[in-house]
Amino acid sequence: MKLFKILGLVLITTLSSCKTENKQQTEKETVQKRPNFLFVLVDDQSPLDLQVYNAKSILETPNISKLADDGIVFEQARHMGSMNGAVCTPSRHMIMSGRTLWHLPPSAEFQLDTLPNPIDDQTIGAIFNRAGYKTMRTCKKGNSYPGANRQFTEVHDATKRGGTEESGSAWHAKQVLTYLNNREQAKEEDPFFIYFGFSHPHDTRNGTPELLEKYGAINHKDKNSLPPLNDKQPALPENYLEKHPFFHGHPDLRDEERVSGVWKNRDENTIRNEMGREFACSENIDIQLGKVLKKLEETGEIDNTYIIYTSDHGIAIGRHGFQGKQNLYEHTWRVPFIVKGPGLDTGKRVQGNMYLLDVLPTLCDLAGIDIPETVEGKSVVPVLKGETEVVRDVMYGVYAGGTKPGMRAVKKGDWKLIKYDVMDGAVRETQLFNLAENPNEYLPEHHKSGEMETNLANNPKYADKLAEMEALLLEQMIAHDDPYRLWNQPQID
């Protein structure tokens, strides 16, 4: 009996030791396993469309909302701006390269200049390829960064803005699902980086029939009539205007004059219908994103995957009387930005003060890859880890795609300045907002009663703040090598 007891203890000890060793080995493998990345980029989406940022929105995006609940939401994420009427082009250059606006390759401004550039080899696809990742992208064609796009190992690009499975957002999701299926069948072990881009909700916003019906919208194509009003349509934006109080400085701008279904119209029928079309396209994006997230769950890879959701810039659609993205109001300068992934907090909201050009260094930081010396952005990993609330105190914005110098903005804390110097000096305007008191950037034309619910630039009570913000803007323009100066700034020699 004693012998049996001794043998039993030896066996239990041996099994326990083996179990401990196996557990340690599994933990070691888990630690050493590199994370995957799913980078989701949509085209022309204001954060204010999403319930994540605007509780009053009727747009239903349950998958995006769940990402926010399971991850970290950035309140202050922005694109730096554009020197080009196609705002998405420099924005995507900044995402891919981590470079600031005035330090981008020529193709950011001159889209047909697609000759190879040294920066091309320091963009997302090339960097992750060298680090041993399998890289794949699907996105729209055109108004992008060709030199960076072709760095991905597998590319399936096409512009899909229709309302069917083949012609719309489902096509992009299909490319990702096919890639993941092939990866699963091949038992691929290397980590992946997937650039999951959509062509919507950029116009032409031809949504699927069922989602158009849900939001009371039609694909209006008759210039000689207005679309009907419908109770299902989104309400007019709170800062809606029939016309901006002064000209923005970009004559014959497509986005303000030639978008199918809108053209120059800013009436209630047109704007509510177009918002309905925008929402139909955005909900379809959410549906397609859900398919990919479900596949990642089925393959067991979602827990080791960082998921980043954002847009290349915002969009107006009736806000302040604008239709497009060539302005620096909050609805257009800001972008949605949500991050979910291994080791990150859940259900958290942060300020961030990040630009889209911070994406590349952040991705490298999360992957344990050295950040290239060419990168000018900042990793937001310290914000993700709760070590700091912001990565910078001041944010600088540009629109110089029309007449020069164009528009400039600067934001610090609750205060924001926008200046307009366009049409050879015929339009020179200054706007000063306190975003804590006036988050919708109401103008006198909105007829609000609150003292601070308007442009404060001409209010003598805020003269000192205006001077402070003017000085801050010039400081930012100099720091970012802005090649222009506004009318009331010292001119460049």
Asks: Please test Val398 against Arg408 for side chain to side chain contact (heavy atoms under 4.5 Å, CB included), starting from the C-alpha separation and ending with a verdict.
Replies: CA-CA 5 Å; Val398 175; Arg408 297 295 184 277; 3.8 Å; yes
Asks: So, is the end of the Arg349 side chain (NZ or CZ) under 6.0 Å from the ring centre of Tyr53 and within 45° of the ring's axis?
Replies: yes
Asks: So, do His220 and Ser225 sit near enough that their side-chain heavy atoms are less than 4.5 Å apart?
Replies: yes
Asks: Under 4.0 Å between a Lys/Arg side-chain N and an Asp/Glu carboxylate O for Lys419 and Glu429?
Replies: no
Asks: Please check this pair: side chain of Glu330 against backbone of Glu441, looking for a donor-acceptor N/O pair closer than 3.5 Å.
Replies: no
Asks: Shortest non-hydrogen contact from Ser82 to Pro90?
Replies: OG-CG, 3.2 Å
Asks: Looking at side-chain heavy atoms only, is the closest gap between Ile218 and Asn273 below 4.5 Å?
Replies: yes
Asks: Between Gln431 and Tyr329, does any side-chain donor sit less than 3.5 Å from a side-chain acceptor?
Replies: yes
Asks: Examine distances only and state if a side-chain atom of Thr159 and a backbone atom of Lys140 form a donor-acceptor pair shorter than 3.5 Å.
Replies: no
Asks: Rounded to the nearest 0.5 Å, what separates atom CG in Leu417 from atom CG in Leu472?
Replies: 9.0 Å
Asks: Aromatic rings Phe196 and Phe198: how do their planes relate, parallel, tilted or perpendicular, breaks at 30° and 60°?
Replies: tilted
Asks: Can you tell me if Asp482 uses its side chain to pair, donor with acceptor, with the backbone of Met477 under 3.5 Å?
Replies: no
Asks: What I want to find out is whether Lys160 reaches Glu166 closely enough, with some N-O distance under 4.0 Å, to be called a salt bridge.
Replies: yes
Asks: Can you find a pair of side-chain heavy atoms, one from Asp252 and one from Glu257, that are under 4.5 Å apart?
Replies: yes
Asks: Does the Glu256 side chain pair with the main chain of Gln323, one donor and one acceptor, at a distance under 3.5 Å?
Replies: yes
Asks: Determine, stepwise, if the pair Asp49 / Arg319 fulfils salt bridge (charged side-chain N to carboxylate O under 4.0 Å, His left out).
Replies: CA-CA 12 Å; Asp49 290 350; Arg319 300 173 178 107; 2.9 Å; yes
Asks: Would Lys232 count as a cation-pi partner of Tyr215, with NZ or CZ less than 6.0 Å from the six-membered ring centre and within 45° of the ring normal?
Replies: no
Asks: Taking NZ in Lys404 as the centre, count heavy atoms belonging to other residues, nucleotides or ligands within less than 6.0 Å. Is the count above 12?
Replies: yes
Asks: Is Lys412 salt-bridged to Glu468, going by a charged N under 4.0 Å from an acidic O?
Replies: no
Asks: Please answer whether the main-chain N or O of Asn269 pairs with a side-chain N or O of Asp267 as donor and acceptor at a distance below 3.5 Å.
Replies: yes
Asks: Check the orientation of Phe193 and Phe152. Use parallel for under 30°, tilted for 30 to 60°, and perpendicular for over 60°.
Replies: tilted
Asks: Quick test of your reading of the model: are Glu165 and Lys174 salt-bridged, counting only N-O distances below 4.0 Å?
Replies: no
Asks: State, without any angle test, whether Gln45 and Ser282 hold a side-chain donor-acceptor pair at a distance under 3.5 Å.
Replies: yes
Asks: Of all heavy-atom pairs between Val380 and Phe74, which one has the smallest distance, and what is that distance?
Replies: CG2-CZ, 3.9 Å
Asks: Regarding Asn327 and Thr332, do their side chains bring together a donor and an acceptor under 3.5 Å, going by distance alone?
Replies: yes
Asks: Using a strict 4.0 Å threshold on nitrogen-to-oxygen distance, state whether Lys141 and Asp157 make a salt bridge.
Replies: no
Asks: Which class fits the ring pair Phe37 and Tyr306: parallel under 30°, tilted 30 to 60°, perpendicular over 60°?
Replies: parallel
Asks: Which heavy-atom pair separates Met395 from Tyr355 by the least distance, and what is that distance?
Replies: CA-OH, 3.3 Å
Asks: Spell out, as yes or no, whether a donor-acceptor pair under 3.5 Å connects the side chain of Arg205 to the backbone of Pro201.
Replies: yes
Asks: Enter the distance from Leu177:CG to Leu180:CG here, rounded to the nearest 0.5 Å.
Replies: 6.5 Å
Asks: Are Thr403 and His250 linked by a side-chain donor-acceptor pair shorter than 3.5 Å?
Replies: no
Asks: Scan side-chain atoms only and decide if Asn239 and His446 contain a donor-acceptor pair under the 3.5 Å cut-off.
Replies: no
Asks: Check the side chains of Arg277 and Asn219 for a donor-acceptor pair under 3.5 angstrom, ignoring hydrogens and angles.
Replies: yes
Asks: Return the minimal non-hydrogen interatomic distance between Leu357 and Gly377, and the atom names on each side.
Replies: CD1-CA, 3.1 Å
Asks: Can you check whether Gln326's main-chain N or O pairs, donor with acceptor, with Asp255's side chain at less than 3.5 Å?
Replies: no
Asks: Go through the side-chain N and O atoms of Asn434 and Asp414 and say whether any donor and acceptor fall under 3.5 Å apart.
Replies: no
Asks: Counting only heavy atoms from other residues, nucleotides and ligands, does the tally under 6.0 Å from CG of Asp222 exceed 12?
Replies: yes
Asks: If every non-hydrogen atom of Leu241 is compared with every non-hydrogen atom of Pro245, which pair is closest and at what distance?
Replies: CD1-CD, 4.1 Å
Asks: Just by distance, do the side chain of Glu453 and the backbone of Asn438 share a donor-acceptor pair under 3.5 Å?
Replies: no
Asks: Is it true that the side chains of Gln111 and Thr89 contain a donor and an acceptor less than 3.5 Å apart?
Replies: yes
Asks: Would you please test Leu473 and Leu486 for side chain to side chain contact (heavy atoms under 4.5 Å, CB included) and show each step?
Replies: CA-CA 10 Å; Leu473 175 60; Leu486 306 177; 3.9 Å; yes
Asks: Do Arg266 and Glu242 meet the salt-bridge criterion of a basic N to acidic O distance under 4.0 Å?
Replies: no
Asks: Whether Arg392 and Asp358 form a salt bridge (side-chain N of Lys/Arg under 4.0 Å from carboxylate O of Asp/Glu) is what I want to check.
Replies: yes
Asks: In sequence, state the C-alpha distance, the side-chain angles, and the governing distance for Asp393 and Lys411, and then conclude on salt bridge (charged side-chain N to carboxylate O under 4.0 Å, His left out).
Replies: CA-CA 8 Å; Asp393 294 326; Lys411 179 186 177 295; over 6 Å; no
Asks: For residues His248 and Tyr420, establish whether the separation of their ring centroids is below 6.0 Å.
Replies: no
Asks: Is it true that, when you exclude Lys295 itself, more than 12 heavy atoms of the residues, nucleotides or ligands shown sit nearer than 6.0 Å to its NZ?
Replies: yes
Asks: Evaluate side chain to side chain contact (heavy atoms under 4.5 Å, CB included) for His200 paired with Asp43, printing each intermediate quantity in order.
Replies: CA-CA 6 Å; His200 266 148; Asp43 197 353; over 6 Å; no
Asks: Would you call Arg78 and Asp312 a salt bridge, using N to O less than 4.0 angstrom?
Replies: no
Asks: Are Leu356 and Val335 packed together at the side-chain level, in the sense that at least one heavy-atom pair is separated by less than 4.5 angstrom?
Replies: yes
Asks: Whether the His103 and Glu376 side chains hold a donor-acceptor pair (N or O, under 3.5 Å, no angle test) is what I'd like checked.
Replies: yes
Asks: For residues His313 and Lys325, report the shortest heavy-atom separation together with the two atoms involved.
Replies: CE1-CD, 3.4 Å
Asks: With a cut-off of 6.0 Å (strictly less than), are more than 12 heavy atoms of other residues, nucleotides or ligands near NZ of Lys291?
Replies: yes
Asks: Between His480 and Thr100, is there a side-chain donor-acceptor contact under 3.5 Å, judged purely by atom types and distance?
Replies: no
Asks: With no hydrogens and no angle check, is any side-chain donor or acceptor of Ser167 less than 3.5 Å from a backbone partner on Thr164?
Replies: yes
Asks: Are Asp286 and Lys66 close enough, and set up right, to give a salt bridge (charged side-chain N to carboxylate O under 4.0 Å, His left out), and what steps lead you there?
Replies: CA-CA 11 Å; Asp286 186 82; Lys66 189 173 189 305; over 6 Å; no
Asks: Does any N or O in the side chain of Ser46 come within less than 3.5 Å of the main-chain N or O of Leu48, such that one atom is a donor and the other an acceptor?
Replies: yes
Asks: Apply side chain to side chain contact (heavy atoms under 4.5 Å, CB included) to the pair Leu443 and His320, showing each step before the final yes or no.
Replies: CA-CA 8 Å; Leu443 303 173; His320 289 97; 3.9 Å; yes
